[in-house]
Trainee: 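I have a structure here, written as structure tokens, and I will follow up with some questions on it.
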There are 2 protein chains.
Amino acid sequence: MLRVTKLADYAIVMLTCFASHGGATHNARDVAREARLPLPVVSKVLKRLTREGLLTSHRGIRGGYGLARQPHEITVADIIRALEGPIAVTECADKVKGDCGLETKCPVRANWHMINQAIHGALGKITLAEMARPLQQQYVNISEPLSTGQSGTTSAQVL
Amino acid sequence: MLRVTKLADYAIVMLTCFASHGGATHNARDVAREARLPLPVVSKVLKRLTREGLLTSHRGIRGGYGLARQPHEITVADIIRALEGPIAVTECADKVKGDCGLETKCPVRANWHMINQAIHGALGKITLAEMARPLQQQYVNISEPLSTGQSGTTSAQVL
DNA sequence: AGCATTTTGGACTGATTTGGTACTATTTTG
DNA sequence: CAAAATAGTACCAAATCAGTCCAAAATGCT
């Protein structure tokens, strides 16, 4: 669990196709074929990504979709947020005003908020450009925050 | 989105109660009163936590629940996993054998797996002991891994 | 032995979310 | 004007989630 929805998953696969093709425009049918996903689903996701500003669209007989920004300017967090709304691990993590009955004295809430920020930060650091080229693995540095070295890069703990 | 279920949220609140009371045993009714949650829900969560090995239980008239391990030996990842199963951001992130039709040539899969590990690592680093004492905020250091300072502690980006 | 209390396990239900499809409009090109 | 493509929305089936309830087993106490 702690799942991302399938639609967000599809979105990342689809956007990866765009990124690996140098930002050319594709129509929904081509994307569906390349991503091997049913056309209605692809169409739905593309529409939503466009409305959220990650893609640009052109209608008409030669229309299609294209990336609105450079691949390295689109993060995984952007994509998830576009399809699922704000990233909030718990219900009270994104609310300013807590109304869970435990509001002020709930010691867990502040911690949740921080965990949420941590995850959000991790997802916001991975760009589409990095997702497009496989097995590029030096962009996340979450593990061992206070124990071992902090040499800045290339310390991602994979597997 | 990217939500944790309410049950897991409750579980953390409830376990925090145990931790802040020095590991004494409480029965379901007392936990419900302290956590201000309905008794059936509390009971359900306690049962599951026991079955997953995070709590020990004693039946009978003086029975109740107690932490199976020390608070600093129980992580948030443990708790989430107990209530929701393995932490997997996407469906293919925890499978060894992918059957999504894109298996081998899917470049996104490996990256998802790494993202998953990153989140898992973050949640596995926060213990119940740290959740119990509020606003202790130097245990996560996810943000700014390669940009600004990395002084080891107290660089968690809160808010 | 018997009783009150507590956990255990499962089933069950209503609500919400998700995945996916369909249909109708609107825009653009030729 | 016709064809092709996107835009928007509505819709439905399936899955998941939240919460409740009940009967059974275990335990301690008198």
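Naming convention: chains lettered A, B, ... in sequence-line order (proteins, then strands); numbering from 1 in each chain. These values consider heavy atoms only, across backbone and side chains, with no hydrogens, waters or symmetry-generated copies.
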Trainee: Using the salt bridge (charged side-chain N to carboxylate O under 4.0 Å, His left out) criterion, which residues pair with A:R29? Sequence neighbours excluded.
Mentor: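 A:R29 satisfies salt bridge (charged side-chain N to carboxylate O under 4.0 Å, His left out) with no residue once adjacent residues are dropped.
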
Trainee: Please check the phosphate of C:dG19 (OP1 and OP2 only) for any side-chain N or O of A:Y10 closer than 4.0 Å.
Mentor: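 Indeed not, no polar side-chain atom of A:Y10 lies that close.
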
Trainee: Quick one: which residue pairs count as a ring-ring contact (aromatic ring centres under 6.0 Å, His included) with a foot in residues 28-48 of chain B, not counting sequence neighbours?
Mentor: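 For residues 28-48 of chain B, and leaving out neighbouring residues, there are no ring-ring contact (aromatic ring centres under 6.0 Å, His included) pairs at all.
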
Trainee: Mind jotting down which residue pairs meet the ring-ring contact (aromatic ring centres under 6.0 Å, His included) criterion with at least one end in residues 20-43 of chain B? Sequence neighbours excluded, please.
Mentor: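 Pairs touching residues 20-43 of chain B that pass the test: B:F18-B:H26, B:H21-B:H26.
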
Trainee: In residues 51-66 of chain A, what donor-acceptor pairs under 3.5 Å come from side-chain atoms, sequence neighbours left out?
Mentor:
from  : atom 1 : to    : atom 2 : distance (Å)
A:T56 : OG1    : A:G66 : O      : 3.3

Trainee: Can you tell me the distance, in whole Å, between the CG atom of B:L7 and the P atom of D:dT20?
Mentor: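 Atom-to-atom, B:L7 to D:dT20, this comes out as 11 Å.
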
Trainee: For the pair made of CD1 in B:I80 and P in D:dC17, what is the distance, rounded to whole Å?
Mentor: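 The answer, rounded to whole Å, is 13 Å.
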
Trainee: With B:T75, which residues qualify under side chain to side chain donor-acceptor pair (under 3.5 Å), at least two apart?
Mentor: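 If we apply the side chain to side chain donor-acceptor pair (under 3.5 Å) test to B:T75, skipping adjacent residues, the hits are B:D78.
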
Trainee: How does protein reach along nucleotides 4-16 of chain D, written 5' to 3' as B (base within reach of a heavy atom under 4.0 Å), S (only sugar-phosphate), or - (no contact)?
Mentor: BSSBBB-------

Trainee: How many Å lie between NZ on B:K6 and P on C:dG14, as a whole number?
Mentor: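 The distance from NZ of B:K6 to P of C:dG14 comes to 19 Å, rounded to the nearest Å.
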
Trainee: Can you measure B:L39 atom CG to C:dT8 atom P for me and round it to whole angstrom units?
Mentor: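 Whole-Å distance recorded here is 13 Å.
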
Trainee: Rounded to whole Å, how long is the line connecting atom CD of B:E52 with atom C1' of C:dT8?
Mentor: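 Result: 14 Å.
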
Trainee: In whole angstrom, give the distance that lies between atom CG of A:L37 and atom P of C:dT21.
Mentor: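 Taking CG of A:L37 and P of C:dT21, I get 11 Å after rounding.
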
Trainee: Taking CG from A:D9 and C1' from C:dG20, how many angstroms apart are they, rounded to a whole number?
Mentor: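 Rounded to whole Å, this separation is 15 Å.
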
Trainee: Is the backbone of B:L39 close enough, under 3.5 Å, to the side chain of B:S43 for a donor and an acceptor to pair up by distance?
Mentor: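 Checked: no pair found.
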
